[in-house]
Amino acid sequence: DPSIEREVESAVEHGEQTSHLALAPQAIREIYNRISQHVGTPEAPVPVLASSGCRYFLRQIVDPSIRNLYFLSHNEVPSEVRVVSLGVIR
């Protein structure tokens, strides 16, 4: 959902050497719960398309609790690969 991406991207604080996510613990829990409710605990790998600005931080939110969940940005998917959407995490 673009609103999740916007929330994460707007909470990223960039330093000289690193960037970190400055979200309140409750907001992080809500994002985690939204992702968890949608994907559950997958047995097989599940790719999630997200903007390049938030995918790293989304991975940090769910790792290591939800295994087999991989966040990719749109530009990481080769153009010859057909993407079939199974839903939107809201």
Side-chain angles (χ1 to χ4, degrees):
D1 185 356
S3 67
I4 295 173
E5 292 180 350
R6 280 192 300 274
E7 182 178 5
V8 170
E9 288 175 354
S10 66
V12 174
E13 292 184 356
H14 301 282
E16 285 185 37
Q17 301 290 325
T18 61
S19 297
H20 70 278
L21 187 60
L23 272 178
Q26 181 59 33
I28 291 173
R29 257 190 306 280
E30 287 175 16
I31 292 170
Y32 173 84
N33 289 338
R34 290 161 75 178
I35 293 169
S36 178
Q37 287 173 351
H38 194 76
V39 300
T41 52
E43 295 288 324
V46 174
V48 176
L49 287 178
S51 69
S52 59
C54 75
R55 70 175 186 80
Y56 171 79
F57 298 101
L58 289 172
R59 180 73 200 151
Q60 285 187 325
I61 290 172
V62 301
D63 193 40
S65 301
I66 303 175
R67 301 204 183 271
N68 288 326
L69 191 62
Y70 299 93
F71 292 90
L72 302 171
S73 66
H74 300 279
N75 61 349
E76 292 176 306
V77 179
S79 59
E80 65 273 4
V81 172
R82 184 170 176 249
V83 175
V84 177
S85 175
L86 298 178
V88 176
I89 297 171
R90 298 192 185 276

How about [X]: does its [atom1] atom have over 12 heavy atoms from other parts shown lying under 6.0 Å from it?
| X | atom1 | value |
| --- | --- | --- |
| R67 | CZ | no |
| E43 | CD | no |
| E16 | CD | no |

Nearest heavy-atom neighbours spanning [X] and [Y]:
| X | Y | value |
| --- | --- | --- |
| F71 | E76 | O-OE1, 4.4 Å |
| P45 | Y70 | CB-CE1, 3.9 Å |
| Y32 | S65 | OH-CB, 3.3 Å |
| N68 | A44 | CB-O, 3.5 Å |
| C54 | V8 | CB-CG1, 3.6 Å |
| L49 | E5 | O-OE2, 4.1 Å |

Does some side-chain heavy atom of [Y] sit less than 4.5 Å from a side-chain heavy atom of [X]?
| X | Y | value |
| --- | --- | --- |
| V46 | L86 | no |
| S36 | V62 | no |
| V48 | I35 | no |

Tell me who clusters with V88, hydrophobic residues only, linked when side chains sit under 4.5 Å apart either directly or through other members. none
[X] side, atom [atom1]; [Y] side, atom [atom2] - distance, nearest 0.5 Å:
| X | Y | atom1 | atom2 | answer |
| --- | --- | --- | --- | --- |
| H74 | S52 | NE2 | OG | 9.0 Å |
| E30 | R34 | CD | CZ | 7.5 Å |
| R29 | I61 | CZ | CD1 | 12.0 Å |

Residues in side-chain contact (heavy atoms from CB on, under 4.5 Å) contact with R82, at least two apart in sequence or another chain: V84
L58 and its side chain to side chain contact (heavy atoms under 4.5 Å, CB included) partner, picked from I31, I89, L69: I31
